[in-house]
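Every heavy atom of this structure was used, including side-chain atoms; hydrogens, water molecules and symmetry mates were not. Lettering follows sequence order; numbering is per chain, from 1.
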Number of protein chains: 2
Amino acid sequence: MKEVLPKFDSTFSIDCVVFGFDEGELKILLIERNEEPFKDWWALPGNIVGEVESLDQSASRILNELTGLSNIYMEQYYTFGDVNRHPQGRVVSIAYYALLRLGGDKAVKPISTYAKRAHWINVKDLPRLAFDHQQIFDKGLEKIKRRIKHQPIAFELLPEKFTLTQLQNVYEIILNKKLDKRNFRKKMLSFGVLRDLQEKQQGVSFRAATLYKFDKRKYAKLFEKEISF
Amino acid sequence: MKEVLPKFDSTFSIDCVVFGFDEGELKILLIERNEEPFKDWWALPGNIVGEVESLDQSASRILNELTGLSNIYMEQYYTFGDVNRHPQGRVVSIAYYALLRLGGDKAVKPISTYAKRAHWINVKDLPRLAFDHQQIFDKGLEKIKRRIKHQPIAFELLPEKFTLTQLQNVYEIILNKKLDKRNFRKKMLSFGVLRDLQEKQQGVSFRAATLYKFDKRKYAKLFEKEISF
DNA sequence: ATTACTTAGTGTAAAAAATACACCCTATAT
DNA sequence: ATATAGGGTGTATTTTTTACACTAAGTAAT
């Protein structure tokens, strides 16, 4: 390889925008850096891609190291490669977004070795970010806004069992606008991808709502019937 | 940088799916490789990213070397990084698609140094491709199919001045289905992004059609009014 | 000049989808 | 029993999408 491929001092990394939804708020996971450059700054979780890792594997590993979870929904969405985006050399970064369930079933306790601490931070209240991470975040948010309209990704942010109101909240917060309750329900149910669990919410101090589940099999049958929420 | 960033023998490249539309056919530009590996195979045009080039710059350069054109419409769409995608080492490839006008105004004569020859080949008749280029192509085609429904990219494949029938052809071929002529025209004109040039097609042996032009300024005014073709 | 040929260009009715809108229901807490 | 808080429902109107077929205009051949 050495003679064949022209090369210079460079490497590539993965950066992840990890979205979580909790108590009606959309949050992302940020770490406080423990190393130069940008020591003590907040940054997106990320790491150098390993020698024998595919990009997807690398992204999964990073998420797993950070949260202890596997099988998180992730999508690669853009690659950032400006010459000077990293002050110490040429680092091309492949960005992923991830969606995961906070609270509800599984609370996630972020752990981390290469960072002082990791925190869930409301996307409406982000601090200044290291490197070009603001740009990476912006594009990630834009992507999920677009995708949530056509693909069933909202479910990834909710517990297995959820109420229609919770689902509507996810849409309202990501799309950043109010939706009409009756129209939302009518449309959502009409897709036929929700299974009514014949079961009610527990432990609420008011009328309990019906729980639903996203039915992957029914969704698969729709195939490319171009859903549009 | 050497001490700070863990690294191994790797590099990154750009690969381009260059779409062109000519005589009712959707084609892409392929090169016949002159070097190992995959000598004599057909491949997507691509190259190693330069040391002081951003990814976008690199993609533009590659396109320019190949076609002599600048200001081609391009979008980065996905990054391919499987460990063994390149037989000679770890090469992560950032994929772009490009759209350009064939025939009509400006005919393009592909030139190339690092390849025996370059040819426009109908997407319905692709040969076996080197590396993972079939996969890269498939994803690129999928992306433009999706994008053409919401963004005004079809115009990039046509000459400055075009007829509504030509425009409809682009849609039909990319979406791979027949559209109704009256409905297509009604909808397309209703967006208000076409300027009627009060001018007719020349040199046809039948009734000449009206020529239109895509009006970028009008389009910009729509802002995020979510066009849907 | 007539005719044949080829593509350009046009309207309407029916169906489907999207929107706007307000009240009663039910479980719990006091 | 009463107050509270969110759960759940239907209809009429508007907008968008779909399906569908003929005349108009220019060229070419005779």
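- With rounding to whole Å, A:L179 atom CG is found 13 Å from C:dA18 atom P.
- Between A:F155 and A:Y73, the ring center distance fails the sub-6.0 Å criterion.
- Distance A:N183 CG to D:dA12 C1': 12 Å, rounded to the nearest Å.
- When rounded to the nearest whole Å, the span between CZ of A:F206 and P of D:dT2 equals 24 Å.
- Phosphate contact (OP1/OP2 of D:dG7, side-chain N/O of A:T210, threshold under 4.0 Å): absent.
- Atom C1' of nucleotide D:dG10 and atom CG of A:L189 are separated by 14 Å, given to the nearest angstrom.
- Rounded to whole Å, the distance from CG on B:L211 to P on C:dA8 is 11 Å.
- The side chain of A:S205 lies closest to C:dT28 when the candidates are C:dC21, D:dA21, C:dT28.
- In terms of phosphate contacts, A:R185 brings a side-chain nitrogen or oxygen within less than 4.0 Å of OP1 or OP2 of D:dG8.
- Heavy-atom nearest nucleotides on DNA chain C were determined for B:D180 and for A:D180, and the one closer to the 5' end corresponds to B:D180.
- Distance CD (B:Q202) to P (D:dA25): 18 Å, rounded to an integer number of Å.
- Atom CZ of B:F184 and atom P of C:dG11 are 18 Å apart (whole Å).
- Mapping A:V204 and B:K200 onto DNA chain C via the closest heavy atom, the residue that lands nearer the 5' end is B:K200.
- Counting distance only, with no hydrogens placed and no angle test, the side-chain atoms of B:K186 and the base atoms of D:dT17 include no donor-acceptor pair under 3.5 Å.
- Closest contact between the side chain of A:K181 and the listed nucleotides C:dG9, D:dG10, D:dG8 involves D:dG8.
- Checked against the 6.0 Å centroid threshold, B:F131 and B:F38 count as a close aromatic pair.
- For the pair A:N169 CG and D:dG7 C1', the interatomic distance rounds to 13 Å; values are reported in whole Å.
- Taking the nucleotide of DNA chain D with the nearest heavy atom to each of B:A208 and A:L164, the more 5' of the two is matched to A:L164.
- One finds no salt bridge joining A:K177 and A:E172 here, because no Lys/Arg side-chain nitrogen approaches an Asp/Glu carboxylate oxygen to under 4.0 Å.
- Each of A:K181, A:Q201, A:R185 was scored for a side chain to side chain donor-acceptor pair (under 3.5 Å) with A:T165, with one residue passing: A:R185.
- Checked against D:dG26, D:dT9, C:dG9, the side chain of B:A209 finds its nearest nucleotide in C:dG9.
- A donor N or O paired with an acceptor N or O is not found under 3.5 Å between the base of D:dA5 and the side-chain atoms of A:R207.
- Remark: the B:K187 side chain and the D:dT18 base include no donor-acceptor N/O pair separated by less than 3.5 Å.
- Dashed line: the shortest gap from a side-chain N or O of A:T165 to OP1 or OP2 of D:dG7 is under 4.0 Å.
- To the nearest 0.5 angstrom, A:R61 atom CZ is 5.0 Å from A:N47 atom CG.
- Residue B:R182 places no side-chain atom within donor-acceptor reach of the base of C:dA8, judged by atom type and a 3.5 Å distance cut-off alone.
- Annotation: cation-pi pair A:K139/A:Y78 present, NZ/CZ under 6.0 Å from the ring centroid and within 45° of its normal.
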